[in-house]
Amino acid sequence: AQSVTQPDIHITVSEGASLELRCNYSYGATPYLFWYVQSPGQGLQLLLKYFSGDTLVQGIKGFEAEFKRSQSSFNLRKPSVHWSDAAEYFCAVRASGNTPLVFGKGTRLSVIA
Amino acid sequence: DAGVIQSPRHEVTEMGQEVTLRCKPISGHNSLFWYRQTMMRGLELLIYFNNNVPIDDSGMPEDRFSAKMPNASFSTLKIQPSEPRDSAVYFCASSSRSGQQNTEAFFGQGTRLTVV
């Protein structure tokens, strides 16, 4: 069975600073990997995904993530955080196209001036 | 497409009452998922359907919970009778199997359920 670990429950960064959110997964093969963002009272919006090919993937809102098979990681990064990035971020893994996504517990990002 | 549509957005009900949550997936999607989100447990999968057929309902907490998908464009999640511990945000999501690139699930806005 797949599982996802997001070790950081809450992160606070200053506006303009760089950001890295950690994600580790457990799965026997190469999974489909995702990062979603959730603003308060809203649904989940896809930031980016990885299913094959280039291990560095670009997403919306200036986010990127790198798949590292040797470390079973899929960390999310952004070079310069904006106040509007404050939200909850979820990493997810999926075995195939018709199986459910398994989510991590999420990391809440706060942005300070 | 309007995306995944859930109704109602908010529901407040008294303990013991029946609650029905509704979901309209994206047209053409053949997988549908019901998740529950709470502070304590995060996002939990309750049940999912492929081609309108329930595949795995092991996440449904109790017999009080039931879900149906009578056709490709509609699904319901019913709680009968409801209890205060059922208070949570319930999300519906859908996805398509067509093509390797279409791997993500699209989420609705959720239904915030409060049982008093």
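- Between B:F91 and A:Q38, the shortest heavy-atom distance links the atoms CZ-NE2, 3.3 Å.
- No path of Ile, Leu, Val, Met, Phe, Trp and Tyr side chains, each step under 4.5 Å between heavy atoms, connects A:F103 with A:V4, placing them in separate hydrophobic clusters.
- Proximity to chain B (any heavy atom under 4.5 Å) is shown, for A:E88, by neither the backbone nor the side chain.
- Nearest heavy atoms, A:L101 versus B:Y35: O-OH, 2.7 Å.
- The neighbour count for B:R64 CZ, taken as heavy atoms of other residues, nucleotides or ligands under 6.0 Å away, is above 12.
- Few gaps surround CG on B:N71; more than 12 heavy atoms of other groups in view lie less than 6.0 Å from it.
- With a 6.0 Å radius and a threshold of 12 heavy atoms from other residues, nucleotides or ligands, B:R9 has its CZ atom above the threshold.
- Heavy atoms closer than 4.5 Å to chain B are found in both the backbone and the side chain of A:L44.
- Within a 6.0 Å radius of CD1 in A:I9, no more than 12 heavy atoms belonging to other residues, nucleotides or ligands are found.
- Looking at B:Q37, the atoms closer than 4.5 Å to chain A (heavy atoms on both sides) all sit in the side chain, from C-beta outward.
- Under a cut-off of 6.0 angstrom, the local environment of CD in B:E14 is sparse, with at most 12 non-hydrogen atoms contributed by other residues, nucleotides or ligands.
- For the pair B:E104 and A:F34, the tightest heavy-atom approach, listed with the atom from each and the gap, is CA-CE2, 3.5 Å.
- Residue with the most contacts toward chain B among A:G106, A:G43, A:P100: A:P100 (heavy-atom pairs, distance under 4.5 Å).
- In this structure, the side chain of A:Y36 does not engage the main chain of B:F107 through any donor-acceptor pair within 3.5 Å.
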